[in-house]
A.B. asks: 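One structure coming up, written as structure tokens, with questions to follow.
All values below were derived from every heavy atom in this structure, side-chain atoms included, with hydrogens, water molecules and symmetry-related copies excluded.
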Amino acid sequence: MPRGRWYFCLKHRQVEPKAGCRAADRLGPYPDERTAARALEIAEERTEAADEADRWKDED
């Protein structure tokens with residue numbers, strides 16, 4: 001497989017290289033295959049962190 005940027009395809013639920021599905025169907029880029037495989041987990045972590053930051057703002 002090619003080296004470089006990796007993506008997680010939401011349509012096919014799999015990791016793919018840059019020459020994959022259209023951008024609207026993917027998350028990324030990620031630095032490697034292993035990180036791209038965690039794309040949904042990473043997105044969930046980032047969403048939770050943003051939600052927590054919003055809760056702090058609402059308390060001010």
Side-chain angles (χ1 to χ4, degrees):
M1 296 296 283
R3 297 176 82 184
R5 294 185 175 165
W6 290 90
Y7 298 83
F8 183 82
C9 177
L10 297 167
K11 184 176 179 181
H12 298 107
R13 311 294 271 186
Q14 65 185 23
V15 174
E16 58 187 29
K18 185 175 181 179
C21 291
R22 66 189 192 118
D25 293 330
R26 306 190 298 183
L27 297 175
Y30 295 95
D32 53 54
E33 244 180 305
R34 187 177 197 175
T35 306
R38 293 188 52 243
L40 296 178
E41 182 182 340
I42 292 168
E44 184 177 351
E45 291 168 357
R46 290 176 179 171
T47 299
E48 288 173 3
D51 289 347
E52 183 65 23
D54 287 344
R55 280 192 277 284
W56 281 100
K57 288 180 186 176
D58 290 343
E59 292 179 8
D60 290 344

A.B. asks: With a 4.5 Å limit on heavy-atom distance, are the side chains of P17 and W6 in contact?
C.D. replies: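 SC-SC contact between P17 and W6 confirmed.
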
A.B. asks: What are the two closest heavy atoms between R5 and P29, and how far apart are they?
C.D. replies: CD-CB, 3.6 Å

A.B. asks: Could you give the distance from CG (L27) to CZ (R38), rounded to the nearest 0.5 Å?
C.D. replies: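 Interatomic distance, L27 CG to R38 CZ, rounded to 0.5 Å: 13.0 Å.
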
A.B. asks: Report yes if some heavy atom in the side chain of E41 is under 4.5 Å from a heavy atom in the side chain of E44; otherwise report no.
C.D. replies: no

A.B. asks: Could you tell me which non-hydrogen atom of R22 sits nearest to which non-hydrogen atom of R26, and how far apart they are?
C.D. replies: O-CG, 3.4 Å

A.B. asks: Any chain of hydrophobic side-chain contacts (each under 4.5 Å) joining Y30 to L40?
C.D. replies: yes

A.B. asks: How long is the gap from CD on Q14 to CZ on F8, to the nearest 0.5 Å?
C.D. replies: 8.5 Å

A.B. asks: For K11, is there an ion pair with E16 - N to carboxylate O distance below 4.0 angstrom?
C.D. replies: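 Salt bridge flag = no for K11 with E16.
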
